[in-house]
Amino acid sequence: MRILQLHCDYIEYTPTKKEIKMAEDIENPETKRFEEIVVVFVAIEDDDDSSVAQNAISQIKNSMEKIGCKKLLLYPYAHLSSNLAQPSIAMTLLKEMEDNASDLEVSHSPFGWTKSYNIKVKGHPLAESSKVITKDSKDNKEITSEALKGESKIRSYWKIMSLDGTMVNMADFDFSNHKKLEILSKYESAKQRRVDEPPPHVALMKKMTIADYEPASDSGNLRFYPNGRLIKSLIEQYVTDRVKEYGGYEVETPIMYDSEHPSMVSYFNRFPARQYNIDSDGKKLFLRFAACFGQFLMANQYQLSYKNLPFKLYELTRYSFRREQSGELVGLRRLRAFTMPDCHSFCKDIDQAIDELKIRFDLSKSVLHELGIDESDYEMAIRFTEDFYNENKSAIEELVKKHGKPVLVEMWKEKFFYFVLKWEFNFIDNMGKASALSTDQIDVENANRYGIEFVDENNKTQHPIILHNSPSGAIERIIYVLLEKAAKDIKEGKKPQYPLWLAPTQVRVIPLKEEFNDFCETLTDKISANNIRVDIDDRNESIGKRIREAEKEWIRYILVIGEKEVNSQNLSIRDRQTGNVRELGFYVFLKEINEQTKGKPFTGLNLSKHLSERPPLMV
RNA sequence: GCCAAUGUAGCUCAGCCUGGUAGAGCAGCUGAUUUGUAAUCAGCAGGUCAUGGGUUCAGAUCCCGUCAUUGGCUCCA
């Protein structure tokens, strides 16, 4: 059975003529009109039986209860299916559905007639839905969280907060000096878009052999080539180092959970995610969409005193999974499987939570900066309940001051999610698309839900306040930002480049002739002993071609080795930033590189040192 | 998920409108070349035209379904 369910302001229909012999007899085929009604178009299919009809009507009743409508019109509609049941069976089942809904104001439009109709469907998100119901689909209903269903009910107000703490309605704000904030504001509130081409990082992620789509997986689950894996793992390492330095304990937790476990059930309903579901041996498992579960369940095992707080757990989730709508997936910006650093801080009260929030705010800003993303690249949004604002005005204003630019504010009349405040930094890309990077939340519910407790100064048991921080946002998204920024450079006629510490090859050595190969081996060994990724283009190609290809790989330093270099103490270094050749002593050169990569993690080449041994990757 | 566009050699693309032997450049292989800062030369090899069906004497080409990608819509805790 296929049904299309519409919540309508009104429907009018007029039976015009009998379509089949067995069409229902009706006394006077005149126009009928109903208002404030749920219209369900129904196609009964081959194989449908009474159980299907029962199932269908109970699903319909279920959703009608949610939208608070008590009037139902069943509208037989053959066009929904190409596999229709016999008309006699269809009529019986339709009648059965109607009988089973007698607690509602129910009617049906005549079966077997051609009808004309006029309909006005309501605009709310739950107004329209279609379902396919078959004999064995009874238990197969999509698990959708209450939060996802209810999200549309949130009432919120959009404002802009300036550095002095004043708030004006978004419509009254002068955006002329804040173009990116304007983009973000319209993006978030009015959902305005203005794009008509693919984002440039998608071509770049392939051309630079970083990542690619994997047709053999689900969409949004990407493959990372050696270059991409290297870049990604360095960023992962860097973010992890910073969180550990801040005081997070790094842990690892399972990627799948039992959705019927008591602590999951209620969390589900506060967390509007679409998840991957897996049935295994009768268990209904889902793939995690955040690190929260694992860390909360673990926090539960710690015996916490107020003296231990704030207590911080951290995991870099590889991966978190969200089954985003297929049309929403793009390159590295929006994925179904992504790597998310997630740090939870358990605080003894709101005051401590706010102090901690500020520290993590600075941490997030600093991490982004070191990754090559500055304030000019992103805009801040902050969301809070009206109550929280009234009680913590100055803390909120302080965050805005720290950001140094006006901020988009969403104020909720009442708490709908599990948090009372959430801020995020949104990168605005070349096409005017906004994507969230760093974020932090003040969670006042989950400690209770997960039974996380600490003992306070008075020997009383309390639930901590939990902060949820991702200092960088998804790692894939950081790569997306770096590539979008590179694309912007290309557009402006500048040379795109990697931050040196992330470059898959930092130095390329090109021997002029075969006879210099040995010299190059020795030289590269000396360079790589200093934690620098260096390789040798030992292919039998012209010097011009090998330089061109190094340029196309965005390799910062090129060393051509010939007669002159072999007989000199100095190196001839072609610096891609300027395109000029400089003569530098060996140690001066090392120092120049090491200064630029200071404080960043290092890992060795992820490809063979000799280009002659590398199979080209065609993407 | 909905609407639309796109899918031809490992890669980038031409051919499709108007049906009749599948084309180029790059990459690969073989050989020559040993090169001084963004493409050395020649030869060879390489294609279930995304996939499944239909129309036709004949389909890369026309029609329908499916998958993937991209754009718009919806969504983004």
Side-chain angles (χ1 to χ4, degrees), chain A residues 82 123 125 127-130 142 145 147-148 150-152 154 187-188 191-199 202-203 206-207 209 212-220 267-275 289-290 292 320 322-331 333-336 381 383 410 416-419 422 424 426 431 433-436 439 441 443 468 470 474 477 495 508 510-517 537-553 555 557-565 572-576 579-582 615-619:
Chain A
S82 52
E128 300 163 288
S129 79
S130 75
E142 184 105 330
S145 73
L148 195 57
E151 205 168 1
S152 55
I154 309 167
Y187 199 84
E188 286 296 325
K191 315 291 182 194
Q192 180 180 319
R193 306 297 145 94
R194 59 170 200 206
V195 184
D196 53 359
E197 48 186 296
V202 175
K206 298 183 190 201
K207 226 163 48 190
T209 61
D212 206 347
Y213 300 112
E214 174 52 78
S217 182
D218 189 28
S219 4
Y267 193 52
F268 246 21
N269 293 334
R270 295 297 257 169
F271 216 114
R274 302 162 203 272
Q275 67 283 343
F289 36 89
C292 305
S320 285
R322 293 179 199 178
R323 230 200 43 201
E324 307 290 4
Q325 295 186 79
S326 56
E328 227 4 74
L329 303 167
V330 212
R333 189 202 314 136
R334 187 87 172 222
L335 299 165
R336 282 180 172 170
R383 301 148 203 265
E410 182 179 13
F416 179 79
F417 301 109
Y418 52 80
F419 48 83
K422 170 185 196 279
E424 81 224 359
N426 289 276
M431 336 261 9
K433 291 263 190 183
S435 352
T439 172
Q441 304 165 2
D443 169 357
H468 301 234
S470 183
R477 204 169 258 189
K495 281 187 178 177
R508 168 141 313 154
I510 303 180
L512 207 55
K513 299 187 208 170
E514 268 173 38
E515 60 180 282
F516 303 120
N517 281 5
D537 192 347
D538 56 344
R539 295 172 305 163
N540 177 14
E541 298 289 352
S542 72
I543 191 75
K545 178 158 176 178
R546 285 181 287 170
I547 289 187
R548 177 179 149 85
E549 294 198 355
E551 285 277 352
K552 282 168 65 179
E553 288 178 53
I555 293 171
Y557 297 108
I558 301 173
L559 274 50
V560 176
I561 302 299
E563 210 78 46
K564 201 177 106 199
E565 288 72 24
S572 304
I573 295 155
R574 184 189 154 103
D575 186 337
R576 181 162 172 277
N580 297 329
V581 178
R582 285 183 288 156
L617 179 52
M618 306 310 294
V619 283

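As the structure is a prediction and not an experimental result, all values here were calculated from the model. Chain A is the first sequence line, chain B the second, and so forth, proteins listed ahead of strands; every chain is numbered from 1.
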Nearest whole angstrom, please: distance from the P of B:C75 to the CZ of A:R323. 17 Å
For the backbone of A:V581 and the side chain of A:R574, can you confirm whether one donor and one acceptor N or O come within less than 3.5 Å of each other? no
Name the nucleic acid region contacted by A:G544, choosing base, sugar-phosphate or nothing; use a 4.0 angstrom heavy-atom cut-off, strictly under. sugar-phosphate
Least distance between heavy atoms, A:P511 atom then A:N517 atom: CG-OD1, 3.3 Å
To the nearest angstrom, the CD1-P distance between A:I510 and B:A39 comes to 12 Å
Taking 4.0 Å as the cut-off, does a side-chain nitrogen or oxygen of A:S219 come that near to OP1 or OP2 on B:U69? yes
Work out how far the C1' atom of B:C49 is from that of B:A24, and round it to whole angstrom. 16 Å
How long is the line joining CD of A:E541 and P of B:G36, in whole Å? 14 Å
What is the distance, to the nearest angstrom, from the CZ atom on A:R336 to the C1' atom on B:C75? 12 Å
Same-atom distance (P) from B:U8 to B:U69, integer angstrom: 15 Å
The nucleotide from B:A32, B:U37, B:A38 with an atom nearest the side chain of A:N540 is B:A32
As a test of reading the structure: which of B:C75, B:A38, B:U35 is closest to the side chain of A:E551, going by heavy atoms? B:A38
Of the options B:G28, B:G1, B:G72, whose atoms approach the side-chain atoms of A:P616 most closely? B:G28
Just to be sure I understand the rule, does A:I558 reach a base, reach only the sugar-phosphate, or reach nothing, if contact means heavy atoms closer than 4.0 Å? nothing
C1' spacing across the pair B:G20 / B:C16, given as an integer number of angstrom: 14 Å
Please determine if a side-chain N or O atom of A:K545 lies less than 4.0 Å away from the OP1 or OP2 oxygen of B:A27. yes
Does NZ in A:K207 sit with more than 12 non-hydrogen atoms of other residues, nucleotides or ligands closer than 6.0 Å? no
Please report the C-alpha distance between A:R334 and A:S435 in whole Å, then the side-chain angles of each, then the deciding distance to 0.1 Å, and finally whether the side-chain contact (heavy atoms from CB on, under 4.5 Å) criterion is met. CA-CA 9 Å; A:R334 187 87 172 222; A:S435 352; over 6 Å; no
Side-chain N or O of A:K433 versus OP1/OP2 of B:G72: is the shortest distance under 4.0 Å? yes
Round to the nearest Å and state the distance from A:K207 atom NZ to B:C13 atom P. 11 Å
For A:E563, which contact category applies under a 4.0 Å heavy-atom criterion: base, sugar-phosphate, or nothing? base
What integer number of Å spans the P atoms of B:C64 and B:C17? 15 Å
Assign A:K422 to base, sugar-phosphate, or nothing according to its heavy-atom contacts below 4.0 angstrom with the strands shown. sugar-phosphate
On the nucleotide B:U40, are OP1 or OP2 found under 4.0 Å from the side-chain N or O atoms that A:S542 carries? yes
Hey, what do you get for CD (A:E551) to CD1 (A:I558), rounding to the nearest 0.5 Å? 5.0 Å
The side chain of A:E565 is closest to which nucleotide in this list: B:C75, B:A38, B:U37? B:U37
Assign A:I547 to base, sugar-phosphate, or nothing according to its heavy-atom contacts below 4.0 angstrom with the strands shown. base
Between the base of B:G1 and the side chain of A:E328, is there a donor and acceptor pair under 3.5 angstrom? no
For A:A436 and A:E424, work out which heavy atoms get closest and say how close. CB-CG, 4.3 Å
Separation of B:U74 atom C1' from A:R334 atom CZ, nearest Å, is 11 Å
Just to confirm, is there a sub-4.0 Å distance from OP1 or OP2 of B:A38 to any side-chain nitrogen or oxygen of A:R574? yes
